[in-house]
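Predicted model only: the values in this text are computed from it and were never measured. Just so you know, these numbers use all the heavy atoms, side chains as well, and skip hydrogens, waters and symmetry mates. Read the numbers this way: they start at 1 and go in the same order the structure lists the ligands and their atoms.
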Amino acid sequence: MTQATRRAAELRQLIGHYDYQYYVLDDPTVGDAEYDRLMVELRALEAQHPDLQTPDSPTQRVSGNVAAGFAEVRHGVPMLSLDNAFDDEGIVNFDRRVRERLGRIDDEIAYVAEPKLDGLAVSLTYRHGRLAVGATRGDGATGEDITANLKTIGAVPLQLRGSAPDEVEVRGEVFMPYKAFEALNAAQVAAGERTYANPRNAAAGSLRQLDARITQSRRLDVYFYAVGRFDGGERADGQTALLKLLASWGLRTNPETRQVLGVQGCLDFYHALGARRASLRYQIDGVVYKVDARSDQEKLGFVSRAPRWAIAHKFPADEAQTVLNDIEFQVGRTGVLTPVARLEPVQVAGVTVSNATLHNMDEVTRKDVHIGDTVIVRRAGDVIPEIVRVLPERRPAGARAPVMPETCPVCGSKVVRVEGESAARCSGAFTCPAQRKEALRHFASRRSLDIEGLGDKLIDQLVEQDIVRMPSDIYELDQPKLLGLDRMGEKSAVKLLAAISRSRQTTLPRLLNGLGIPGVGESTARALAEHFGSLAGLQAASLDAIQAVPDIGPVVGASVANYFADARHQNELARLRALGVTWPEGEPAAAAREDALPLAGVTVVLTGTLDGITRDEAAEQLTTRGAKVSGSVSKKTSYVVAGAEPGSKLARAQELGVPVLDERGLRELLQRA
Ligand code: IVH
């Protein structure tokens, strides 16, 4: 080892240590000047000997490169969500369910109570202690690779401390403290840019910057609270121990967190924190309670996408009273007419609200909303405001109940009520400008074809002037067509055309999502693309074949089959292709690869304690062989593997006639092929 190598390592270690004291312990022992001096020395050394520059060097917190986009990251262990409770009763019920399921009805359960941060869940994978990948939660199964952006957050260690495992994926919440939020909005105003509605949006916008230097300027913060994948180390025996372990690796955990006893402990914590909520330096929207003991967590397991051992107790959302002036009907992408309340503008949680959704006519009837009513509106976070209830005692004489129009307010086509659904639809389909606009918006949106700059106002004009009717028309736009539009100069036209051109290179999941097939969102689009590998494969697939795709039921399956059977859609797809829209396919598709694995198509549920192998290891071995490991037993489950002290899943398997394997059976299954 040369002297330069040794010094570089020493500097990295020192700076890492000072970062830890500053960001994690909030207790710096050196001044800024000394810290800067060390950074300057390290930068100089690395400039002289570029081979000394390691990815975890503190000089690499911000790269000078602007990324072209975010790659996808598949989470090894899905990132779940939480059930919500909105009042004390919801928590009393939660606690009772926990005690019942654990067979400890008379015990007080130890919970960990944590503030529910209003930010974004992220996942960070450390290999041999070094930060390897950072990702957003995304849809829980797949997120976006935002490693470069996460590295800019001072509280994210580039290197774990202590005895870190071979590989660990840690999870936490990135948020923007109020102070940083206010400073950011002030700067945005000064620069003539748009401001952010709340710290959560600001944090999201900042994390998804392609230029990490912008992320760095936004002063984001993070607290960690969970682990996903974990290899080569002792697992913590509960949430308290886990938080300790995370802290020992130099990861910040929320200092407000407490272990509490029983339901009363939970509620006391909630009310005490609620009273101090406004004085915290960051926004929280509730408290999360987690059953502390890991053995209990495992016994409780999961329901669909949320653990049974945790719940979010939300703080009441902000409400205000105002007058409902009118109800109008908006036509959505699939023609559904949604009643929208036009309100006398009112301040709710610091934002002026003048519209609220009423969802559908059943809800209008159920809430007995009349035009002219005084109503309570609620706005929670960045969700669309809604009408909570009307104040019937304040209803003026002559107030009238709204009626669903018989013809579409936009195109005049007949409105049809769908049998068995509460929705009414405009029958104009693609001839209705409103449906056209929404379909095009969806096609151009970030998670579909991602055409930057093709925003709402532009789409309105393009549809109103009949320049664009279908997505494929977008790819026939040229300067002469664009220059006739409002506020469209040559420069913006060139920019837009370039963005359109870039979007031609897309992916099959994006395209499928963008088509707006009823019932097909991002994750279904991905499932279809993965399964069939190519558009031709999907177009040729029978209804049965489509329904064989995991997670696709009869309704969505039929919708997909109908879509591709329609000649108009076939023409549109052919036209998109002819106009240069392409995506990778043909190479061994994920579906084909998985089909080749010995346990492809097999779904397994694990329950109880196994002897020679942990449940995580078993799950891992199963999935690498192509099996799907699920948390709940259904008719589609191929096998339930039951260890010692199996839970209700075993009973459920017997009820449904699902074959049950013991540990030996599991080993045999793993040795298949
Ligand atoms: S635990 C299975 N703990 O809330 C455990 N989540 O509604 C799932 N969140 O996606 C998460 N603070 O973004 C957990 N102390 C906390 C949290 C927290 C905020 C967010 C997180 C999650 C969402 C679920």
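At a heavy-atom cutoff of 4.0 Å, ligand 1 is contacted by no atom of R171, backbone or side chain. Residue contacts with ligand 1, taken as heavy atom pairs separated by less than 4.0 Å, involve A121 via backbone and side-chain atoms alike. Within the 4.0 Å heavy-atom criterion, both parts of L82, backbone and side chain, lie near ligand 1. Residue contacts with ligand 1, taken as heavy atom pairs separated by less than 4.0 Å, do not involve A310 at all.
For the salt bridge (charged side-chain N to carboxylate O under 4.0 Å, His left out) test, no residue two or more places apart in sequence or in another chain qualifies with E108.
Residue L117 places at least one N or O, backbone or side chain, under 3.5 Å from an N or O of ligand 1. Looking at ligand 1, you'll find an N or O of K116 within less than 3.5 Å of one of its N or O atoms. For ligand 1, none of its N or O atoms has an N or O atom of W309 under 3.5 Å away.
Within ligand 1, counting atoms from 1 as listed, the ones closer than 4.0 Å to a heavy atom of P115 are 12 (N), 15 (N). Under a 4.0 Å criterion applied to the non-hydrogen atoms of P307, ligand 1 contributes the atoms 2 (C).
Relative to atom 3 (N) of ligand 1, the option among E173, K314, K290, R137 with the closest non-hydrogen atom is K290.
Counting protein heavy atoms only, atom 11 (C) of ligand 1 is closest to Y225 CE1, 4.0 Å. Counting protein heavy atoms only, atom 15 (N) of ligand 1 is closest to E114 OE1, 2.7 Å.
Here R74 does not pair with E72 in a salt bridge; the nearest charged N to carboxylate O distance is not below 4.0 Å. Salt-bridge formation is not detected for the pair R235/E298: no Lys NZ or Arg NE/NH1/NH2 atom is positioned less than 4.0 Å from an Asp or Glu carboxylate oxygen. E100 and R97 are not joined by a salt bridge, as no carboxylate oxygen comes within less than 4.0 angstrom of a charged side-chain nitrogen.
The aromatic rings of W309 and F302 sit perpendicular, their planes meeting at an angle over 60°, well past the 30° parallel limit.
D118 places no side-chain N or O within 3.5 Å of a backbone atom of P199 that could act as its donor or acceptor partner.
Side-chain N/O atoms of Q60 and D56 include no donor and acceptor closer than 3.5 Å.
The six-membered or imidazole ring of Y270 lies away from that of Y289, with a centre-to-centre distance of 6.0 Å or more.
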